[in-house]
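Each ligand, and each atom within it, is numbered from 1 in the order the structure gives. What you are looking at is a predicted structure, and each value in this text was computed from that prediction instead of being measured.
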Amino acid sequence: MNMASWISTGHLPGAAVVSDLVEQAHRRFQAVREGAVASYIPALAAADPELFAIAVASTGGQVFEAGEAGAAFSIQSLSKPFLYALICEAIGEREARDKLGVNSTGLPFNSVQAVERAEDGLSNPMVNAGAIAATSLAPGESTEEKWAFIAAGFSRFAGRPLVVDEEVYASELATNRRNLGIANLLEEQGGLWFDPEASTDLYTRQCALSVTTHDLALMAATLANGGRHPRSGEQVVAAPICRAVLAVMVTAGLYETSGDWIYDIGLPGKSGVSGGMITVAPGKGGLATYSPPLDGAGNSVRGQLTAAFLSERLGLHLLASEPVV
Ligand code: GLU
């Protein structure tokens, strides 16, 4: 097959237009009051609901920001696409797909039922079960070796060394019995390749990596740029792996509301419980937002509004077309 035919073309509008639309989105959605800050991880409950940041990074490395784009927060589920990319790079995309699955569960991110219901134990790497299974596939014999692989890979995606928010890590580790339950169930089904407790620990640690909206926009832009970081120039993962990762983000990035997301926004996206969101426009750039109040499915309210507004105004919807005149 000719790979070139798979590649979407086009680019973001000019810098002045992007910068103006980012400012407009920030002004427009700052006043939104819906949603609630996640509280099931005690350390996240204290997040300021007023915080709101937007960053758009082009594949050429330009970054446009509004709000507190340098404020740090834990990456949480936004880690999942990058983890999947790193595992694909390490063991091969085919094997990663066979071992983790790539189909939507239609159920919440932390569903135990989804694991039990699937006879082969497969879910996808965007939900907790698939992401815990993915951490178990990280190269290395020990927890520390696996962690070194994961931390180095995320830092390459960010283009700077990332560190763990120890307070969030400790807080989640002390309360994440459900994720441990998922890991134990996966092991019983033959869907885990490392110790359940250690895999849950690794998963929890990578969810606690501290990032900014600015970092995330560049990380998303790396996925939009065939795996090459737009600023550091490093080839973090191979281009076909980005395509695989973006496909799973389309079907499962927003959990049980992934259908609504692709319908409204028309781009691969991923949400996280700390209030971050990333959206990827292949070939064009990455959008990241941070706003802690979430809807009932665990997706940032202002983040979704921003993604819909910018997808439309920047002309990014992958499924939209106009008749030829
Ligand atoms: N660390 C969180 C958990 O496993 C991630 C969930 C999310 O961001 O949606 O519960």
Which of the atoms in ligand 1, numbered in the order shown and given with their element, are less than 4.0 Å from a heavy-atom of [X]?
{"X": "C207", "value": "1 (N)"}
{"X": "N128", "value": "3 (C), 4 (O), 10 (O)"}
{"X": "G272", "value": "8 (O)"}

Could you identify the single nearest non-hydrogen protein atom to [atom] and state the distance to 0.1 Å?
{"atom": "atom 2 (C) of ligand 1", "result": "Q76 OE1, 3.2 Å"}
{"atom": "atom 4 (O) of ligand 1", "result": "Y203 OH, 2.8 Å"}
{"atom": "atom 10 (O) of ligand 1", "result": "Y40 OH, 2.5 Å"}

Return the minimal non-hydrogen interatomic distance between [X] and [Y], and the atom names on each side.
{"X": "N176", "Y": "T200", "value": "ND2-CG2, 3.6 Å"}
{"X": "I265", "Y": "S311", "value": "O-OG, 2.7 Å"}
{"X": "F52", "Y": "S291", "value": "CD1-CB, 3.8 Å"}

Side chain, backbone, both or neither: [X] near ligand 1, heavy atoms under 4.0 Å:
{"X": "T204", "value": "neither"}
{"X": "Y255", "value": "side chain"}
{"X": "S77", "value": "both"}

- Show your working on salt bridge (Lys or Arg N to Asp or Glu O under 4.0 Å) between R205 and E144 and close with a plain yes or no. CA-CA 11 Å; R205 227 190 279 188; E144 285 320 310; 3.3 Å; yes

- N or O contact, V273 vs ligand 1, cut-off under 3.5 Å: yes

- Polar atom proximity, K80 to ligand 1 (N or O, under 3.5 Å): no

- Message: Using modelled atom types and a 3.5 Å cut-off, is there a donor and acceptor pairing between side-chain atoms of Q304 and backbone atoms of S300?
- Response: yes

- Query: So, F157 versus H229, ring centres under 6.0 angstrom or not?
  - Reply: no

- At the 4.0 Å heavy-atom cut-off, does N179 count as touching ligand 1? yes

- Task: Answer yes or no: is there a side-chain heavy-atom contact under 4.5 Å between S258 and T251?
- Result: no

- Less than 4.5 Å apart, any side-chain heavy atom of I54 and any of Y290? no

- Same cluster or not: are Y263 and L318 linked, directly or through other Ile, Leu, Val, Met, Phe, Trp or Tyr residues, by side-chain heavy atoms under 4.5 angstrom apart? no

- Candidates Q206, E172, K270; heavy atom nearest atom 3 (C) of ligand 1 found on E172

